[in-house]
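Each chain gets a letter, A, B and so on, in the order the sequences are listed, and its residues count up from 1. Note that the structure is predicted; figures quoted are calculated from it, not measured. Values below: all heavy atoms of this structure, side chains included; hydrogens, waters and symmetry mates excluded.
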Protein chains: 2
Amino acid sequence: MAQQDGRAARAPLSRERVLRAAVDLADEQGLEAVSMRRLAERLGVVPMALYKHVANKDQLLDGMVDLVVAGIAPAPEDAGWKDALRTRVLTAREAMLRHPWARRVLEAQPAPTPVLLAYTDATIAVLLRGGLSVDLVHHAMHALGSRAFGFTQELHQPGPGPAPAPSPAVAAQLAAAFPHVAAVATSRPHDPGSVVGAGCDDRFEFEFGLDLLLDGVERLHAAGWSSTADPR
Amino acid sequence: MAQQDGRAARAPLSRERVLRAAVDLADEQGLEAVSMRRLAERLGVVPMALYKHVANKDQLLDGMVDLVVAGIAPAPEDAGWKDALRTRVLTAREAMLRHPWARRVLEAQPAPTPVLLAYTDATIAVLLRGGLSVDLVHHAMHALGSRAFGFTQELHQPGPGPAPAPSPAVAAQLAAAFPHVAAVATSRPHDPGSVVGAGCDDRFEFEFGLDLLLDGVERLHAAGWSSTADPR
DNA sequence: TTGACGGGTGTACAGCGTACACCTAGCCTC
DNA sequence: GAGGCTAGGTGTACGCTGTACACCCGTCAA
């Protein structure tokens with residue numbers, strides 16, 4: 001061994017290693033578990049050592065989502081704008097499902113990092129190459145919003161682990177108090193197993209909303225829509 | 001005065017008063033400023049006194065958004081489902097613009113409170129009364145997602161106060177690095193004053209996306225759409 | 001040999017949420 | 001009136017957080 005002193009040799013830290021460890025920690029134990037102290041411990045290092053590689057905790061979080069976003073595959077080159085965008089967004093969605101904490105971090109960021117701007121730039125490029133007007137692309141991107149990053153727009157996503165199913169008594173009480181929610185929540189042909197509040201963020205719902213938007217954009221594009229005169 | 005001891009009489013605390021003070025504090029100084037200690041200080045009380053009125057900080061935050069959501073006017077009774085939903089959502093949006101912190105709190109909640117369920121129930125009721133199928137309503141609510149609460153889907157909302165405009169040099173550098181973003185961001189017929197990253201969350205964008213979704217739902221409804229056989 | 005420097009360490013501080021024990025004023029019952 | 005219950009405000013204390021600052025040591029260039 002090159003190094004034979006008391007303690008075992010430890011691979012030197014690097015920004016990359018720090019970020020990867022943070023992503024792993026968040027994946028395994030949730031975002032709340034990511035503290036500088038716990039992260040340092042996991043890396044076998046003292047908390048302050050991390051500050052040689054990231055400026056502060058906010059930059060750590062930024063770096064974590066950069067890592068996730070940078071791993072999203074680019075849109076296919078050989079498809080029309082609609083299909084290309086669609087597949088890219090669905091790819092993004094898979095990344096976000098693998099790292100559920102990324103959504104919250106991204107949404108809390110006050111400004112996009114260069115990595116996120118690059119992602120957005122590539123997405124816009126797909127639409128412009130497809131012949132959509134700059135005007136329409138602008139509004140389409142707004143309409144997509146965070147869906148462009150593969151986010152479901154759901155509120156109240158359940159935390160890690162299965163949601164605690166409410167007892168039948170409680171469920172009946174809820175159904176009585178909120179009859180319309182109950183009626184709609186139990187109509188679930190695509191996923192009959194889940195229950196109220198368990199968050200049915202399945203692929204069907206995501207694609208339903210995405211296609212509603214993409215179809216709408218396509219229609220506007222075909223009609224030569226422009227935001228100044230609105231012939232919707 | 002009824003009370004003449006050393007210190008001035010102080011109105012007694014109540015859950016209502018605590019929540020209102022917290023909302024005011026968040027409105028004025030942002031969500032980060034809402035700590036149990038600071039809130040207590042503002043109420044002229046010791047931190048632990050708050051715990052006689054809210055169980056813990058999470059419940060305080062829940063109560064804050066409940067207060068905001070409960071203040072949203074119900075949908076008009078005398079309109080078709082589409083107009084009724086549209087106006088209600090736009091009303092909700094105004095409430096959310098007045099309390100920008102509410103979005104983040106709501107999105108971080110793992111489960112909806114009864115107040116939120118009541119809001120959702122009333123929203124669903126509008127669609128069902130309009131004759132939409134339970135099936136379609138289910139998916140429409142998913143597609144709307146947090147937009148049903150008046151949220152813009154924007155990422156990177158600027159914090160309170162005007163966003164710091166990047167210097168011309170930096171702006172040029174950004175435009176060079178992300179040409180497509182630059183092209184689309186500067187095409188802004190509805191709001192020519194803003195700059196890249198300043199967040200153009202204006203009413204136009206919100207309605208654009210909302211109408212894309214509502215129009216799509218309307219079309220599916222007219223076509224007798226059902227999720228089992230998808231004749232889109 | 002010297003000196004700079006990149007990177008890990010140790011200590012310390014202010015702020016956070018909140019558990020727990022306490023005190024006090026008002027009210028109810030006898 | 002006396003005694004006791006209770007709602008609600010207080011004080012202290014603990015463990016956790018992010019991070020400023022001073023330090024120290026190994027490597028490498030001059």
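- Under the 4.0 Å criterion applied to side-chain N and carboxylate O atoms, B/R93 and B/E207 are not assigned as salt-bridge partners.
- Atoms CZ (A/R17) and C1' (C/dG8) sit 13 Å apart, rounded to a whole Å.
- Rounded to the nearest 0.5 angstrom, B/L128 CG and A/H180 NE2 are separated by 6.0 Å.
- Remark: B/E41 does not engage B/R37 in a salt bridge, criterion side-chain N to carboxylate O under 4.0 Å.
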- Let me see the working for A/F204 and B/H142 under ring-ring contact (aromatic ring centres under 6.0 Å, His included), right down to the final yes or no. CA-CA 10 Å; A/F204 183 95; B/H142 274 290; 9.3 Å; no
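- Comment: A/E32 does not engage A/R38 in a salt bridge, judged by the lack of any side-chain N to carboxylate O separation of less than 4.0 angstrom.
- Here the P atom of nucleotide D/dT17 and the CG atom of A/L60 are 14 Å apart, to the nearest Å.
- Residue B/Y51 contributes atom OH, which lies 15 Å from atom P of D/dG9 at whole-angstrom precision.
- If you check every strand for non-hydrogen atoms under 4.0 Å, B/K57 touches sugar and phosphate atoms only.
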- Item | Full working for side-chain hydrogen bond (donor to acceptor under 3.5 Å, both in side chains) between A/H53 and A/E16 | CA-CA 9 Å; A/H53 304 276; A/E16 172 86 10; over 6 Å; no
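- Taking the nucleotide of DNA chain C with the nearest heavy atom to each of B/N56 and B/K52, the more 5' of the two is matched to B/N56.
- Out of C/dT18, D/dG8, C/dT9, the shortest distance to the side chain of A/M48 is found at C/dT9.
- Proximity of residues 32-40 of chain B to DNA chain C (heavy atom under 4.0 angstrom from any strand atom) is restricted to B/S35, B/M36, B/R37, B/R38.
- The interatomic distance linking B/L43 (CG) with D/dG8 (P) rounds to 15 Å, in whole Å.
- Rounded to whole Å, the distance from CD on A/E41 to C1' on C/dG8 is 17 Å.
- Nucleotide C/dC16 holds its P atom 13 Å from the CG atom of B/L31, rounded to whole Å.
- Put simply, A/H53 has a side-chain N or O that comes within less than 4.0 Å of OP1 or OP2 on C/dG8.
- Projected onto DNA chain D by closest heavy-atom contact, B/V46 and A/P47 fall at different nucleotides, the more 5' of which corresponds to B/V46.
- Distance alone, capped at 3.5 Å, is enough to place a donor-acceptor pair between the B/D121 side chain and the A/V181 backbone.
- Atom CZ of A/R15 and atom C1' of C/dG7 are 16 Å apart (whole Å).
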